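Note that the structure is predicted; figures quoted are calculated from it, not measured. Residue numbering restarts at 1 for every chain, and letters A, B, ... go by the order of the sequence lines.
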There are 2 protein chains.
Amino acid sequence: MIGAASRDPGLNTPHFSTKQRILDSAETLFARHGFAGASLRQVTASANVNLAAVNYHFGSKENLVNEVFRRRLDSLNEERLAALATVLKQPKFTLEEVLGAFVRPALALSMADDGGAGFVRVLARAFAEHNERLRKFLHDNYSHVLKQFAAAFGQALPHLDKQELYWRLDIVSGALTYAMADFGVIKRRPGMSELQHRDLAAEHLIKFAAAGLKAG
Amino acid sequence: MIGAASRDPGLNTPHFSTKQRILDSAETLFARHGFAGASLRQVTASANVNLAAVNYHFGSKENLVNEVFRRRLDSLNEERLAALATVLKQPKFTLEEVLGAFVRPALALSMADDGGAGFVRVLARAFAEHNERLRKFLHDNYSHVLKQFAAAFGQALPHLDKQELYWRLDIVSGALTYAMADFGVIKRRPGMSELQHRDLAAEHLIKFAAAGLKAG
DNA sequence: CTAGAATTCAAACGCTCGTTCCATCGTCAT
DNA sequence: ATGACGATGGAACGAGCGTTTGAATTCTAG
């Protein structure tokens, strides 16, 4: 085994540690084969790491799944809340702005070159699977984000009663997650920069979702 | 050996055959735990059937998965195409009518009391999973349905170029699948019949999707 | 340099998986 | 009744699973 990462002198600068390599491989393989479908042997082989390293560093496979989520969701939700706070600072704000605060950070992640695209697929899988313990983990750690967005959506859509709002937000979040998960597949028009493509996609998604939320 | 072409009792067997019991249990368990997550031992135990019956009647687990889809999709797509044909008979037809032909049969299935609700969840899972062989099976058997709908959508949305149309249809089909998969969970308002609830839901979904498709 | 902690390693654990084998049962036509 | 055959039953196969172990190795602090 080749120690690709020799020790960093001075500061403990984060080189590519065993933990990170495991997380990267797990993310990719969970996106491709699902949580039950990807085995720890596949993960550790792909990460060039000993099988036992998973249980040493993460304790269990379920915990590894949780950490795959935590690594990305912590920063993603930070960005979402920061964007939402900026929107809410204005005396008046539009539905499209709230949607933008929700969509743009995730879209940026789905087009990142560091494997974030894979993670958005993992997220879509988590939506489809109704894994109880995973849902509990997500609720325990990130429900406050959804609550804040739901409140903002409620302000932007005062004519909808609460039940109708939740019902529509459910469709929208599912649609957005699915759309963003497939973003890696969608090819951008030639002669368009990645940033342009992303902004155009965000614009479409926001218009799409806004139209659905306002309809009726 | 292989029981694929066994005599079809069909007419004279009023009780539920082993094959059907396996399909029912598999559908429920695949919806709940995924294709990799649900084992044949769980399936056969739930169906009160010997473990070996799956491989006797279906050949393999993968084939069982395919047959779970075929059983529902054959009739679902028939209904969709029939509804679409009715819409296309008119000299002029609206986007909402085409969407209705796509949504209403699936919605009826998702609210059927014979386990169809479970199947719609299986469908949503198949969307999220990118299983190659399953996708090939679905494409081989049902791509003509999607083609006909895509053509109808193209006629109803002449201002969209082909690429833009496909891109939006992708979001819409994902959104609709997710929404319908969660229909079992959504509780209807008190004092509303199931039929009313379904029609209202269809109306919402169609408006939602139409608004998104037309936006921009 | 050295002791001790942290990490990696090969090997094995018990278990469940999909699949297969073969004996047995039930139901027909002969 | 008998033989043939589809269907079912119980038991086992090898493979792969997540997890654990204990020794070997690497890192780090004194």
- prompt: In whole angstroms, how far is the C1' atom of C/dG26 from the OH atom of B/Y56?
  reply: 12 Å
query: Between C/dC17 atom P and B/L40 atom CG, what is the distance in whole Å?
result: 9 Å
query: How close or far is atom P of C/dG18 from atom CD of B/E62, stated in whole angstroms?
result: 13 Å
Under-4.0 Å side-chain N/O to phosphate OP1/OP2 contact, B/S39 with C/dC17: yes
message: Is the phosphate of D/dT8 approached by B/T18 (side-chain N or O, under 4.0 Å from OP1 or OP2)?
response: yes
- request: Indicate whether OP1 or OP2 belonging to C/dT8 is found under 4.0 Å from a side-chain N or O atom of A/H57.
  value: yes
query: With under 30° as parallel and over 60° as perpendicular, where do the rings of A/F149 and A/F102 fit, or are they tilted in between?
result: perpendicular
message: Without decimals, in angstroms, what is the distance between A/K19 NZ and C/dT7 C1'?
response: 12 Å
field: Atom-to-atom span, CG of A/N55 to C1' of D/dG18 - whole angstrom
entry: 7 Å
message: Whole angstroms only, please: what is the CZ-P distance between A/F58 and C/dT7?
response: 12 Å
query: How are the rings of A/F35 and A/F69 set relative to one another: parallel (under 30°), tilted (30 to 60°) or perpendicular (over 60°)?
result: tilted
field: Euclidean distance, atom CG of residue A/L51 to atom C1' of D/dT19 [Å, nearest integer]
entry: 8 Å
message: Between the base of D/dG16 and the side chain of A/R41, is one N or O donor paired with an acceptor at under 3.5 angstrom?
response: no
- prompt: Rounded to the nearest Å, what distance is computed from the CG atom of residue B/N50 to the P atom of nucleotide C/dA23?
  reply: 16 Å
Sidechain N-carboxylate O distance under 4.0 Å for A/D114, A/R72: yes
Between B/D74 and B/Y142, a side-chain donor and acceptor under 3.5 Å: yes
query: If you pin A/A52 and A/Q42 to their nearest nucleotides in DNA chain D, which one's is more 5'?
result: A/Q42
